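Scroll down for the structure; my scribbles are underneath it.
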Amino acid sequence: MYHVLAVLALLLAPLAAPAQPANITERVTSAAEPRMEGVLISAKKAGSNITHTVVSDAKGEFNFAPAKLEAGQYAITIRAVGFELTAPVTVESKAGKALELKLVRAKDVAAQLTNSEWFISMPGTFEQKRPLMDCMSCHPFEKIARTTYGADKMYESLGRMATYAINTSPDKQQKRVVPRKFDEKTFRNLAAYLATVNRSKGDWQYAFKILPRPKGRATRVLITEYDLPRRTISPHDVMTDKDGIAWYSNFAENTLGRLDPKTGAHTEYTFPNYKPGAATGTLALDQDREGNWWLASMFQTGLIKFDIKTKQFRHYPLPKEIDGKDVQQSMVMAKSTHVDGKVWTTEIARQIVMRLDIATGKYEQFDPFKYALEGSNHSPYGMVADNQNNLYFMDFGDEGMGRIDAKTGQINLYPTPTKRSRPRRAMMDAQGRVWFALFAANKVGMFDPGREEITEWDVPTPYTYPYDVTLDRHGDLWGGSMSSDRIFRMDPKSGKSIEYLLPRPTNVRRGFVDNSTTPVTFWVGSNHGASVIKLEPLD
């Protein structure tokens with residue numbers, strides 16, 4: 001049997017000096033690879049909700065010193081596709097104690113593949129695989145690939161999937177009040193294709209293609225993961241406040257979460273079920289200048305404000321003439337509400353943008369696509385406002401972005417250079433440029449308002465399908481995807497990227513860069529893993 005040998009040495013200060021942190025160092029070797037670079041090693045202290053992860057370097061060595069571990073007992077896990085531990089490993093905090101870890105070839109590599117690796121491995125054309133982009137919002141592709149359904153039964157399954165709300169996860173299924181419409185021909189074709197790549201004819205008839213492990217700068221990172229108290233929590237948007245406290249929207253439940261990164265302490269604030277029978281949970285999270293948090297309440301409809309001083313929620317419901325069974329508010333943009341007292345949002349069912357007047361509670365409607373061809377698909381999505389509260393929004397259903405003038409209501413639309421790009425989430429830098437992810441194009445883009453031009457960059461890994469992108473104070477772009485379990489860091493001047501692999505399947509959504517730290521830190525929620533992740537580059 002093929003073994004990977006690893007030796008851990010625990011280097012602890014004497015117990016008489018508890019202020020000195022513990023440390024764990026290790027070298028990873030194997031017969032095939034004398035120095036295994038890019039293996040993720042995670043340590044979780046008994047009784048804690050915090051896991052620290054480091055990555056082995058080119059010599060096969062790693063060190064937990066940056067994590068400043070407390071003395072105690074730690075469970076050790078690894079991530080290296082194709083390998084696994086022979087048994088669970090626990091390390092006692094005793095000075096000088098060494099432990100030999102033995103890794104063997106994984107018995108079930110399919111269980112370790114990311115969605116990106118399934119995309120790369122499965123035979124077929126890009127167009128055959130394209131509809132799967134929407135499947136990974138709710139579950140990993142492994143679930144599809146392990147089925148033994150033929151084309152007809154697979155078609156029935158796809159029809160059933162259309163009845164679930166998009167804020168469904170493997171741990172919490174939620175039905176739509178109004179099932180999603182779908183094109184029968186598209187679903188038939190997809191079902192027929194999936195029957196060729198699942199196990200309907202026995203074992204998989206294709207080889208698994210595994211992405212390379214991290215190398216070089218991608219190994220110089222510390223990843224801290226904070227487990228949340230319930231598997232049904234789906235952190236969607238994560239942001240830190242001025243005190244470094246992380247807040248997140250819960251995609252599956254009616255709560256706003258607060259996490260103290262220093263201690264791992266977690267607090268939840270719950271708001272009522274405003275629309276009984278509809279799916280619960282929120283999507284976008286934004287903060288106004290006073291520090292109050294705003295939530296887009298999805299199928300609960302309307303916008304929600306959380307007063308940071310009183311710790312109370314206020315709901316701004318939609319007017320009755322709009323509030324039908326299929327309405328959905330995905331986005332909220334409250335960054336510049338101090339300018340005119342207005343907050344931006346979307347109404348997905350009508351493919352429109354809306355603006356809330358906080359003082360009156362009334363909503364205005366803007367229809368960017370009223371002159372679009374009948375049957376065309378549009379979906380206003382990611383939003384960002386400038387310092388005059390003019391709005392820039394992405395058209396996730398198509399291939400463009402738009403701008404709404406806050407004073408005149410004039411709407412301008414700008415197509416992306418890449419067709420069928422489905423731009424998703426966005427941010428604005430200090431120069432007023434809009435940076436955004438082109439989800440279906442596997443690119444990121446930048447809109448220069450002065451030139452009214454869009455520039456695009458390819459992300460490094462095929463089938464990444466970036467969900468979001470944000471610019472840090474050094475000019476680096478950060479983003480991630482629901483597909484690859486990787487966070488990319490790109491220099492837009494050179495186009496070169498670093499990709500940090502995350503320690504567990506993550507289903508990345510909205511990312512956030514905290515520019516107040518040195519180095520900058522990247523935050524994201526594990527939407528299907530019930531955790532919040534902090535990534536700190538070590539270079």
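Heavy-atom basis, side chains included; hydrogens, waters and symmetry copies ignored. All figures in this text were calculated on a predicted structure; none of them were measured in a lab.
In this structure, the side-chain contact (heavy atoms from CB on, under 4.5 Å) partners of Thr196, at least two apart in sequence or on a different chain, are Tyr193. With sequence neighbours excluded, the residues that form a side-chain contact (heavy atoms from CB on, under 4.5 Å) with Ala440 are Arg130, Met133, Arg422. In terms of the salt bridge (Lys or Arg N to Asp or Glu O under 4.0 Å) criterion, residue partners of Arg188 (sequence neighbours excluded) are, by chain and number, Asp152, Glu184. With sequence neighbours left out, Asp367 forms a side-chain contact (heavy atoms from CB on, under 4.5 Å) with Ile352, Phe369, Lys370. Remark: Asp237 pairs with Arg425 by the salt bridge (Lys or Arg N to Asp or Glu O under 4.0 Å) rule, at least two apart or across chains. The salt bridge (Lys or Arg N to Asp or Glu O under 4.0 Å) search around Lys534 returns Glu536, not counting sequence neighbours. Evaluation of the salt bridge (Lys or Arg N to Asp or Glu O under 4.0 Å) rule for Lys419 yields Glu399 as partners, not counting sequence neighbours. Among residues two or more places apart in sequence or in another chain, the side chain to side chain donor-acceptor pair (under 3.5 Å) test is passed with Tyr500 by Arg489. A search for ring-ring contact (aromatic ring centres under 6.0 Å, His included) contacts involving His236 returns Phe251, Tyr467, not counting sequence neighbours.
Ser157 has its side chain out of reach of Leu194: every pair of non-hydrogen atoms, C-beta onward, lies at least 4.5 Å apart. Here the side chains of Pro235 and Ile233 are in contact, with some heavy-atom distance below 4.5 Å. For the pair Val177 and Lys275, the minimum side-chain heavy-atom distance is 4.5 Å or more. Phe488 places a side-chain heavy atom less than 4.5 Å from the side chain of Pro466. No side-chain heavy atom of Val508 sits under 4.5 Å from any side-chain heavy atom of Arg486. Counting heavy atoms from C-beta outward, His528 and Arg509 have side chains that approach closer than 4.5 Å. Contact check for Asn442 versus Asp458: no side-chain heavy atoms found under the 4.5 Å cut-off.
A salt bridge between Arg258 and Glu268 is absent, with no side-chain N of the basic residue lying under 4.0 Å from a carboxylate O of the acidic one. By the 4.0 Å N-to-carboxylate-O rule, Lys153 lies too far from Glu156 to be salt-bridged with it. Between Glu84 and Arg105 there is no salt bridge, since no side-chain N of the basic residue sits under 4.0 Å from a carboxylate O of the acidic one. Taking 4.0 Å as the cut-off between side-chain N and carboxylate O, Lys181 and Asp326 do not count as a salt-bridged pair.
Shown here for Met446 and Phe436, the closest heavy-atom pair between the two residues is N-CE2, 3.9 Å. The two atoms that bring Ala279 and Gln174 nearest to each other are CA-OE1, 3.4 Å, heavy atoms only. Across Gly281 and Asn254, no two heavy atoms sit closer than the pair N-OD1, 3.0 Å. Scanning both residues, Ile454 and Tyr414, for their nearest heavy atoms gives CD1-O, 4.2 Å. Smallest separation of non-hydrogen atoms from Val238 and Gly525: CG2-N, 3.5 Å. Leu259 and Gly264 make their closest contact through CD1-O, 3.6 Å (heavy atoms, listed as atom of the first residue, atom of the second, distance).
Applying the salt bridge (charged side-chain N to carboxylate O under 4.0 Å, His left out) rule to pairs touching residues 460-471 yields Asp468-Arg510, sequence neighbours excluded. The salt bridge (charged side-chain N to carboxylate O under 4.0 Å, His left out) analysis of residues 159-176, with sequence neighbours excluded, yields the pairs Asp171-Arg231. For residues 217-226, the side-chain hydrogen bond (donor to acceptor under 3.5 Å, both in side chains) pairs, not counting sequence neighbours, are Arg217-Asp539, Glu225-Arg504, Glu225-Ser531.
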Given Thr114 and Asp485, is the side chain to side chain donor-acceptor pair (under 3.5 Å) satisfied, shown in steps? CA-CA 7 Å; Thr114 64; Asp485 291 344; 5.6 Å; no
Apply the test side chain to side chain donor-acceptor pair (under 3.5 Å) to residues Thr232 and Glu253: give CA-CA distance (whole Å), side-chain angles for both, the deciding distance (0.1 Å), then the verdict. CA-CA 8 Å; Thr232 52; Glu253 300 172 333; 2.6 Å; yes
Verdict with reasoning, Lys443 to Thr418, per side-chain contact (heavy atoms from CB on, under 4.5 Å): CA-CA 9 Å; Lys443 298 174 183 286; Thr418 301; 3.2 Å; yes
Please assess Ser116 against Ser483 for the test side chain to side chain donor-acceptor pair (under 3.5 Å), listing each intermediate value before the final yes or no. CA-CA 5 Å; Ser116 290; Ser483 186; 2.8 Å; yes
In sequence, state the C-alpha distance, the side-chain angles, and the governing distance for Asp241 and Gln287, and then conclude on side chain to side chain donor-acceptor pair (under 3.5 Å). CA-CA 9 Å; Asp241 62 19; Gln287 191 175 36; 5.7 Å; no
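Checking each of Thr470, Asp429, Thr455 against Trp435 for a side chain to side chain donor-acceptor pair (under 3.5 Å) leaves exactly one that passes, namely Asp429. The side chain to side chain donor-acceptor pair (under 3.5 Å) test with Thr255 is passed by exactly one of Asn250, Thr282, Thr267: Asn250.
Arg350 places a side-chain N or O within 3.5 Å of a backbone atom of Ile322 that can act as its donor or acceptor partner. A distance-only check finds a donor-acceptor pair linking the side chain of Glu37 to the backbone of Gly216 [under 3.5 Å]. The closest donor-acceptor contact from the side chain of Thr346 to the backbone of Ile348 lies at 3.5 Å or more, if one exists at all. Between the side chain of Ser200 and the main chain of Gly150, no donor-acceptor pair closer than 3.5 Å is present. Of the possible donor and acceptor atoms, one in the side chain of Gln173 sits under 3.5 Å from a partner among the backbone N and O of Ser169. Proximity of a side-chain donor or acceptor of Thr345 to a complementary backbone N or O of Met331 within less than 3.5 Å is detected.
A side-chain donor-acceptor contact under 3.5 Å links Gln328 and Ser330. Counted by atom type alone, Asp286 and Trp293 present zero donor-acceptor pairs between their side chains at under 3.5 Å. Donor-acceptor pairing under 3.5 Å is lacking for the side chains of Gln329 and Thr301. No side-chain N or O of Ser379 forms a donor-acceptor pair with one of Gln351 less than 3.5 Å apart. Donor-acceptor pairing under 3.5 Å is recorded for the side chains of Asp472 and Trp478.
If you look at Tyr155 and Tyr149, their ring centroids are not closer than 6.0 Å. In this structure, Trp344 has its ring center at least 6.0 angstrom away from the ring center of Phe393.
Relative orientation of the Tyr248 and His266 rings is parallel, given thresholds of 30° and 60° on the angle between their planes. Ring-plane geometry between Tyr274 and Phe271 is classed as parallel, the angle between the planes falling under 30 degrees on a 0 to 90 degree scale with a further cut at 60. Between Phe119 and Phe141, the ring planes are perpendicular. Angles over 60° get that label, and only those under 30° would be called parallel.
Separating the CG atom in Leu285 from the CZ atom in Phe512 is a distance of 9.5 Å, to the nearest 0.5 Å.
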